[in-house]
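Notes for the one structure printed next.
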Amino acid sequence: MQKVIEISHATVYRGQTRVFNNLSLEITRGCSTAIIGPNGAGKSTLLKLLTREIYPVQSEGGYVKVLGEKTWNVWELRAHLGIVSQDLQEQYIGGAKGINVLLSGLYSSNDIWSHQTFTPRDRTEAMRLMEILGVSRCREKRFSEMSTGEQRRFLLGRALIHDPDILVLDEPTSGLDVKACFQYLEIVRDLMKAGKTVVLVTHHIHEIPPEISRVVFLKAGKVAADGEKTDTLTSGNLTGLFDIPVELVQFNGFYQAMPKGCTFDE
């Protein structure tokens with residue numbers, strides 16, 4: 001299987017802080033993966049590595065490849081790597097209309113602008129995606145006037161409009177109520193069933209849908225565990241990851257972390 005993400009012996013700094021030391025991680029096409037870790041584990045740094053916002057320290061044998069390439073034009077890369085992140089949602093221009101949010105994905109911009117051109121096919125695809133995502137009624141609504149769930153769906157459509165090879169979701173249901181959470185996860189499940197490779201980065205266990213086949217634990221900038229979901233996602237492993245007693249509950253392919261005789265320090 002093709003390696004869509006390949007990180008080899010990468011040492012990465014954010015400012016003066018070393019986040020990763022000799023990090024290695026591979027994800028193959030079709031293997032939808034959840035990357036789980038507590039705050040400070042390096043999840044946001046990993047996202048920035050993939051989008052080429054930061055680079056590893058140059059070293060022999062140390063590199064990051066996306067779709068087999070070490071070097072990308074950032075704008076070209078964004079046509080192959082669809083990302084929905086908390087940062088994007090917070091920074092997106094509030095005055096953008098819904099349909100323009102989707103179309104902006106074709107240029108990786110934060111709205112559409114006069115120098116950008118869109119074909120009838122582009123607009124038809126945007127309308128199709130809004131229909132699939134259940135937000136057609138909001139196509140003229142401004143981004144700042146949408147609910148958190150509506151914003152998240154439009155940004156998902158923005159990521160999907162160029163049919164990327166990889167879809168990376170950063171804490172996809174954070175801030176959503178129960179209904180919006182379930183609806184969003186159902187959309188993500190349908191994408192994986194249709195063959196989309198999804199990388200889900202989170203610390204929320206309930207966000208991991210049944211179609212995720214592999215789980216990677218990140219802790220203090222290192223891969224603490226990596227393997228098939230049923231082998232890796234266990235009460236004992238989660239207890240070690242979050243440094244607190246955890247009981248893992250499973251129902252219909254979904255998981256939830258529950259406290260296991262916890263005593264919390266003041």
- Task: Could you tell me whether the side chain of K219 and the main chain of I36 form a donor-acceptor pair under 3.5 Å?
- Result: no

- Item | Matching residue for E125 among R128, R121, R123 - test: salt bridge (Lys or Arg N to Asp or Glu O under 4.0 Å) | R128

- Message: Could you check whether S104 and R158, counting side-chain N and O atoms only, form a donor-acceptor pair closer than 3.5 Å?
- Response: yes

- Message: Is there a path of hydrophobic side-chain contacts, each under 4.5 Å between heavy atoms, that joins L49 and V223?
- Response: yes

- Query: Honestly curious: do M127 and F143 fall in one hydrophobic cluster under the side-chain, below-4.5 Å linking rule?
  - Reply: yes

- Message: Would you say that more than 12 heavy atoms from the other residues, nucleotides or ligands in this model lie under 6.0 Å from the NZ of K179, or not?
- Response: no

- In short, P209 meets L200 closest at the heavy-atom pair CD-CD1, 4.0 Å

- Message: Using side chain to side chain contact (heavy atoms under 4.5 Å, CB included), reason through L25 and F20 one step at a time and then give a plain yes or no.
- Response: CA-CA 12 Å; L25 177 67; F20 295 131; over 6 Å; no

- Message: Heavy-atom count check: over 12 atoms from other residues, nucleotides or ligands less than 6.0 Å from Q58 CD?
- Response: no

- Is it possible for you to say whether I132 and L185 belong to one hydrophobic cluster, with membership spreading through side-chain heavy-atom contacts below 4.5 Å? no

- Identify whether V135 and M146 are in the same connected component of the hydrophobic contact network (ILVMFWY, side-chain heavy atoms under 4.5 Å). yes

- Message: Treating K229 as the side-chain partner and P210 as the backbone partner, does any N or O pair qualify as donor plus acceptor under 3.5 Å?
- Response: yes

- Item | Any donor-acceptor pair under 3.5 Å from R139 side chain to S136 backbone | yes

- Honestly curious: do Y63 and L46 fall in one hydrophobic cluster under the side-chain, below-4.5 Å linking rule? no

- Report the residues that fulfil side-chain contact (heavy atoms from CB on, under 4.5 Å) with V66, sequence neighbours left out, ordered by chain and then residue number. W72, L77, I166

- Message: Testing K65, R214, K3 one by one against E26 for a salt bridge (Lys or Arg N to Asp or Glu O under 4.0 Å), which residue passes?
- Response: K3

- Item | Mutual orientation of the aromatic rings belonging to H115 and Y107 [parallel < 30°, tilted 30-60°, perpendicular > 60°] | perpendicular

- Take atom CZ of F254 as the centre, draw a 6.0 Å sphere, and report whether it contains more than 12 heavy atoms from other residues, nucleotides or ligands. yes

- Message: So does I112 get a backbone contact from the side chain of N100, meaning a donor-acceptor N/O pair under 3.5 Å?
- Response: no

- Message: I need the minimum non-hydrogen distance between L218 and A41, along with the two atoms involved.
- Response: O-CB, 3.3 Å

- Message: Taking atom CD as the centre, does E131 end up with more than 12 heavy-atom neighbours from other residues, nucleotides or ligands that are less than 6.0 angstrom away?
- Response: no

- Query: Within a reach of under 6.0 Å around CZ of R189, are more than 12 heavy atoms found that belong to other residues, nucleotides or ligands?
  - Reply: yes

- Could you give me the CA-CA distance, side-chain angles and deciding distance for T230 and E228, then say whether side-chain hydrogen bond (donor to acceptor under 3.5 Å, both in side chains) is met? CA-CA 6 Å; T230 52; E228 292 293 321; 5.6 Å; no

- Task: Find out whether F154 and I99 are in side-chain contact, i.e. whether some heavy atom of one side chain is under 4.5 Å from a heavy atom of the other.
- Result: no

- Message: Is it the case that the side chain of R29 and the backbone of Q2 share a donor-acceptor pair, with hydrogens and angles ignored and the cut-off at 3.5 Å?
- Response: no

- Task: Could you check Q183, H206, R152, H204 and say which one makes a side chain to side chain donor-acceptor pair (under 3.5 Å) with T173?
- Result: H206

- Query: Just by modelled atom types, is the V188 backbone N or O under 3.5 Å from a matching donor or acceptor in the K196 side chain?
  - Reply: no

